[in-house]
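Residue numbers start from 1 in every chain, and the chains themselves are labelled A, B, ... in the order their sequence lines are given, proteins ahead of strands.
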Amino acid sequence: MDKTRFGIFGGRYVGETVMTALKELAQEYERLINDPEFLAEFNDLLANYAGRPSFLYYAKKLTQELGGAKIYFKREDLNHTGSHKINNVLGQVLMAKRLGKTRVIAETGAGQHGVATATVAALLGLECAVFMGKEDIERQALNVYRMKLLGAEVVSVTSGTQTLKDAVNEALKEWVARVNDTFYVIGSAVGPYPYPKMVRDFQKVIGQEIKRQILQAEGRLPDLICACVGGGSNAIGAFYEFIEDKSVRLVGLEAAGRGLDTGEHAATLTTGTPGILHGMKTYFVQNEYGNIAPVYSISAGLDYPGVGPEHCYLKDIKRAEYYAITDDQAVDAFEKLSKIEGIIPALESAHAVAYVLEQAPKMSKDKIIVCNLSGRGDKDVAHIARYKGETLYE
Amino acid sequence: MSRIDDVFKKGKVLITYIMAGDPDLNKTYETVLKLEQLGVGIVELGIPFSDPSADGGSIVRAGERALKNNYATEDYLALIQKIRKESQIPLVVMAYANTVFCYGVDRFFARLKAAGGDGVIIPDVPFEESDEFAPYAKNHGIDYIPLVAPSSKDRIQMITDQASGFVYCISSFGVTGVRDTIDHKIHKIYDPIKLPKAVGFGISKIEHIKELGKYFDGVIIGSKIVEFMENNQVAEMEKFVKEAVKALGVKK
């Protein structure tokens, strides 16, 4: 198989101006990903800066409440900066330094990836600019200030729908303009090769830890692993180690927004068709002429019209399953997990929790579920309050 | 011998880009015929796309205006057919990969040829992915016009080997959009190219055209023309194009 692809998906559909830089990056990635010195530096930062390994937590109360399968949460929310994003950013910014770049740029939706990039840029001494849709900037004032506090410039994107997709467009354009000194830190397992593979390789630590931890706790592999899917980096990170373990069901949860039949959703794998954008061939929510449709989700991190190409492949070969969760289901899960376990999940992760609430009661008590809790929900508290009709002043 | 080859044989070529459907297809039709009268040698017709990653501000806005009409891809191909009934000016389509992919690659080029189109430029398909597009274009007799960039260097040979018609040489780093200055020394990178070569991206001043015309066979004006149209400056556009034709030394 072509190394740039997953089946027919992936590739590198970018302008000629950045091809040389992209090939240089691919070469570096292919070399460094097996380089003991680079991996030692990366693993040291994961352990001592991000705080890995993250816990695999047995949710006893929730398990009892639902009365079915045993439920474990992989606590990526406890990482430094509050989500799994830090794993990938540490890897990519280290890569940027190796390539001699002095500046990193990133796109962000909710601000999680932007904050992680600003954080690591500060740590490793690189200049940083984060592209963010104007609408998201207004929704996520706290994260915007956080990035500025960390020394990053936040660039407001006013084109198109003024959300994540447009932030990616503008970051790509900035990269074309300043390819000589700038490294584009992509936040999910999307984009042209080598990004989808590189991001997966920096996130696969999640699944590797799950395997070790569950074997220690239960002496066997789980029956089901679930994770939310926007671009799909936390999901591919959790799934990858288990792809050959056919007894483990892998389930990704997308955003059904206000409902699949309302047209206001971001359920790419459930409703999308193959297309080409952001450097890759993958599924997109689009019209028959190939124009990308506006997507919607209560969670800014899932509000993306495409998806990582490896997920398309896993869906096609029927190794992973993908379903969609509505806003209402996600909010319900957000509240239940907060009240029952004292864990406030990110709204993105709450989509995976919603699936657990639905599946666990249907499974027998000897079954095991691992749900990847990709991020913490502090950022979403004000948003949920507004959703419930309350006014909050931050 | 294609219409594109013919026009380069005659001498320097002024190429103008306009966004098809901005503000509507009738206006595009009229503008193409007008540009031909003014001495433009090739017209590049942009097909609007929701996420134009190679384009800067003014062309992005033009695309947004055009998309409001909700035209089908077929409508742009029909426009080409309509123009071809009136004019023999070479028409090059600039479309993003997804537009062609979703229409069906083979079907797109078959229809483009039947309509009277001459060439295609797909800015988000580099050499490495061109097998999915270029052979289909060639099979139907459509010139596959690649882009080369200041960073292309030792890639230029392989890229231009598979090209026909002309080669689109990017003037500088960045996306489309007017620039105050253009470093004309950029031509040195592109000198080895044997096919006719046209330079574009950011060219907006008569002095740019005069200088670049010494080294390139064609000069491409995009954003500047699109901005005239955005502001409804018909007389200003005519004046500019006439001066550009003169500065480049286009033969009648």
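If you take CG on A:Asn291 and CG on B:Leu67, they are separated by 5.0 Å, rounding to the nearest 0.5 Å. Going from atom OH of A:Tyr289 over to atom OH of B:Tyr76 covers 9.5 Å, rounded to the nearest 0.5 Å. In this structure, CG on A:Asn287 lies 8.0 Å from SG on B:Cys102, to the nearest 0.5 angstrom. Taking OG of B:Ser50 as the reference point, atom CD of A:Gln286 lies at 8.5 Å (rounded to 0.5 Å).
Counting non-hydrogen atoms of other residues, nucleotides and ligands closer than 6.0 Å to NZ of B:Lys82 gives a total above 12. Heavy-atom contacts from other residues, nucleotides or ligands closer than 6.0 Å to CD of A:Gln27 number 12 or fewer. Crowding of B:Asp180 atom CG: a count of heavy atoms from other residues, nucleotides or ligands under 6.0 Å not exceeding 12.
Within residues 179-198 of chain A, the residues having any heavy atom closer than 4.5 Å to a heavy atom of chain B are A:Val179, A:Asn180, listed by residue number. Of residues 144-160 of chain B, those residues with a non-hydrogen atom less than 4.5 Å from any non-hydrogen atom of chain A are, in numerical order, B:Leu147, B:Val148, B:Ala149, B:Ser151, B:Ser152, B:Arg155, B:Ile159. Listed in order of number, the residues of residues 184-198 of chain B that approach chain A to under 4.5 Å between heavy atoms amount to none. Residues of residues 260-275 of chain A lying within less than 4.5 angstrom of chain B, judged on heavy atoms, are A:Pro274, A:Gly275 in numerical order.
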Side chain to side chain contact (heavy atoms under 4.5 Å, CB included) assessment of A:Val176 paired with B:Phe173: CA-CA 6 Å; A:Val176 173; B:Phe173 288 96; 5.8 Å; no
B:Tyr96 vs A:Leu277, test: side chain to side chain contact (heavy atoms under 4.5 Å, CB included). Steps then yes/no. CA-CA 9 Å; B:Tyr96 282 87; A:Leu277 183 71; over 6 Å; no
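Contact detail for A:Arg12 and B:Glu129: the closest heavy-atom pair is N-OE2, 2.7 Å. Here the closest non-hydrogen pair linking A:Glu16 and B:Pro126 is OE1-CB, 4.4 Å. Taking every heavy atom of both residues into account, A:Lys173 and B:Asp55 meet most closely at NZ-O, 2.7 Å. Between A:Ile276 and B:Ala97, the closest heavy-atom pair is CG2-CB, 3.9 Å.
Between A:Lys281 and B:Glu132 there is a salt bridge, since a side-chain N of the basic residue sits under 4.0 Å from a carboxylate O of the acidic one.
Residues B:Asn98 and A:Ile292 form a side-chain contact, since some pair of their non-hydrogen atoms from C-beta on lies under 4.5 Å apart.
For B:Phe101, the part lying under 4.5 angstrom from a heavy atom of chain A is the side chain only. For A:Glu288, the part sitting under 4.5 Å from any heavy atom of chain B is the backbone (N, CA, C, O) and nothing else. For B:Phe133, the part sitting under 4.5 Å from any heavy atom of chain A is the side chain, from C-beta outward, and nothing else.
Of the listed residues (B:Val60, B:Val125, B:Asp51), the one with the most heavy-atom contacts under 4.5 Å to chain A is B:Asp51.
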